[in-house]
Amino acid sequence: MSKLWDRMRLVPTVVRLASRAPRNPHAAWERYWTGVQSTGLDGDVLWDSDSRAERSQYADMVLAHFDPALPVIDIGCGNGSYTRWLATLFPKVLGVDVSAGAVARASLEARDLQSCSFTVLDATKAGAGDLLVDQVGPANVFVRGVFHVLKPGKQAAMAANMKAAVGSAGRVFLAETNFPGNSLDYLAGLGATGDHVPSQLQRALENLPRPGRFGARERRSVFPAADWRVIADGPVNIDVVPMAQAGQPQRVPGYFALLAGANAEHHETLQREGHR
Ligand SMILES: C[S@@+](CC[C@H](N)C(=O)[O-])C[C@H]1O[C@@H](n2cnc3c(N)ncnc32)[C@H](O)[C@@H]1O
C-alpha cells in the first residue's frame with residue numbers, strides 16, 4: 001500500500017476524533033487532564049515519557065545557566081514530571097498550569113517533595129508574569145511542550161509574561177516539538193493508521209487543540225531580538241511514550257532555546273560546583 005494511500009485513510013479518523021475536542025482550549029485541557037487515569041511510561045499521557053535520555057539533553061544547560069539562588073517556574077507543568085525532575089537540581093520549583101485537574105494530579109504525584117509547589121494560572125493572561133513575581137520573586141523559567149499548542153498571539157502573550165517573571169537575573173529554557181512534516185506524517189510516525197490509533201494519541205486528538213511546530217523561526221517572532229538575547233538554541237529530541245514499538249519512548253524532532261532578557265545581567269560564567 002502506498003504512503004499516500006496510508007495517509008488518505010487516516011484523514012476521516014483524524015477528522016472524526018478532532019471533531020469531539022472542545023473549542024475553548026482551557027476547557028479542552030481541563031477535560032483532558034480530568035480524564036487521565038495513569039501517567040508515566042505506561043500511562044495515558046502522550047508526552048509523559050519519563051525519559052532520562054531527553055532530560056540529559058537539558059541538564060547541563062539549566063545547571064550552567066539557571067542561577068540556583070532563584071526559584072524555577074515550570075510553566076504548563078501538566079502532571080509535574082519535569083517539575084519533579086527540576087526539584088532534583090534546584091532548591092525551589094513552582095509548577096504552573098491552566099488546568100486545575102493537571103495541578104491536582106501534579107500535587108499528588110509530588111506529595112513527598114517539600115521543594116515543589118503548584119498553582120493554577122493561565123500563563124498567557126495579561127499580568128500573569130507580575131503575579132508570579134509577587135508570588136516567588138524573579139525566577140528562572142522552564143517550559144516543555146507548551147508553545148507549540150498555543151496560537152501565535154497567545155505565544156507572544158506568554159513570552160511577555162516570562163519577560164516579567166525572569167527580570168534581569170533569570171533565564172528561560174524552552175523545549176518544543178518541531179516536527180518537519182505535515183500533521184498526517186506526524187501521526188503516522190507515532191503509529192496511527194486508518195485502522196488503529198494508539199490510545200494516548202487518540203486521547204490527545206479527541207480532546208486537545210491541534211499542535212503546531214515551534215522552531216527557530218517561531219521563536220524569533222515570539223521572543224524578538226529587541227527584548228531577548230539567545231544564549232543557545234538548536235535541535236533536541238522530545239520523547240513520547242512507547243506506542244509503535246513496546247518499551248522504548250518514541251522520538252519527535254524538537255527545538256530548544258536558552259534565553260535571557262535583552263538587558264539582563266550577564267552571569268553566564270556562573271558555574272555550579274559539583275555539577276560540571
Ligand atoms: C503538552 S502538555 C506539556 C506538559 C509538561 N510541560 C510536560 O512536558 O510534561 C502542555 C501543558 O500546558 C498546559 N497549558 C496549556 N495552555 C496553558 C496556559 N495558557 N497557561 C498555562 N498552562 C497551559 C496544559 O494544561 C498542559 O498541561
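Order of listing sets the numbers, starting from 1, for every ligand and every atom in it. All values derive from a computational prediction rather than experimental measurement.
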Check: Phe256 vs Phe173 aromatic rings, parallel, tilted or perpendicular, using cut-offs 30° and 60°?
Finding: parallel
Notebook entry, point to check: What class does the angle between the rings of Phe142 and Tyr82 fall in, given that below 30° is parallel, 30 to 60° is tilted and above 60° is perpendicular?
Noted result: parallel
Next item on the list: Starting from atom 9 (O) of ligand 1, locate the nearest protein heavy atom and write down its residue, its atom name and how far away it is, to 0.1 Å.
Entry: Trp47 CD1, 3.3 Å
Next item on the list: Would you mind checking which non-hydrogen protein atom is closest to atom 15 (C) of ligand 1, with the distance to 0.1 Å?
Entry: Trp29 NE1, 3.5 Å
Check: Has the side chain of Asn178 got a donor or acceptor atom that lies under 3.5 Å from a matching backbone atom of Gly254?
Finding: no
Margin query: Strictly distance-based, threshold 3.5 Å: is any side-chain N or O of Glu54 a donor or acceptor partner for the main-chain N or O of Ser51?
Written below: no
Checklist line | Contact partition for Ala123 relative to ligand 1, non-hydrogen atoms under 4.0 Å | finding: both
Check: Hey, is CZ on Arg52 packed in by over 12 heavy atoms from elsewhere, all under 6.0 Å?
Finding: no
Check: [X]/[Y] side-chain N/O donor and acceptor closer than 3.5 Å:
{"X": "Arg105", "Y": "Asn79", "answer": "no"}
{"X": "Thr193", "Y": "Asp195", "answer": "no"}
{"X": "Ser49", "Y": "Asp239", "answer": "no"}

Considering distance alone, does some N or O of [X] sit under 3.5 Å from an N or O of ligand 1?
{"X": "Val96", "value": "no"}
{"X": "Asp122", "value": "yes"}
{"X": "Asp74", "value": "no"}
{"X": "Arg144", "value": "yes"}
{"X": "Ala102", "value": "no"}

Any non-hydrogen atom of [X] lying under 4.0 Å from ligand 1?
{"X": "Cys77", "answer": "yes"}
{"X": "Leu121", "answer": "yes"}
{"X": "Asp48", "answer": "no"}
{"X": "Trp33", "answer": "yes"}

Report, in ascending order of atom number, the atoms of ligand 1 lying under 4.0 Å from any heavy atom of [X].
{"X": "Thr124", "answer": "19 (N)"}
{"X": "Val146", "answer": "12 (O)"}
{"X": "Gly145", "answer": "1 (C), 2 (S), 3 (C), 10 (C)"}
{"X": "Gly76", "answer": "3 (C), 4 (C), 5 (C), 6 (N), 11 (C), 12 (O), 13 (C), 22 (N)"}

Next item on the list: May I ask you to check if Arg219 and Phe214 form a cation-pi contact, with NZ or CZ under 6.0 angstrom from the six-membered ring centre and within 45° of the axis?
Entry: no
Check: Checking side chain to side chain donor-acceptor pair (under 3.5 Å) for the pair Thr124/Asp122: CA distance, chi angles, key distance, verdict?
Finding: CA-CA 5 Å; Thr124 67; Asp122 175 1; 2.6 Å; yes
Notebook entry, point to check: Who's closest to atom 16 (N) of ligand 1 heavy-atom-wise, of Leu46, Val98, Asp97, Thr177?
Noted result: Val98
Margin query: Closer than 4.0 angstrom, basic N to acidic O: yes or no for Arg144 and Asp74?
Written below: no
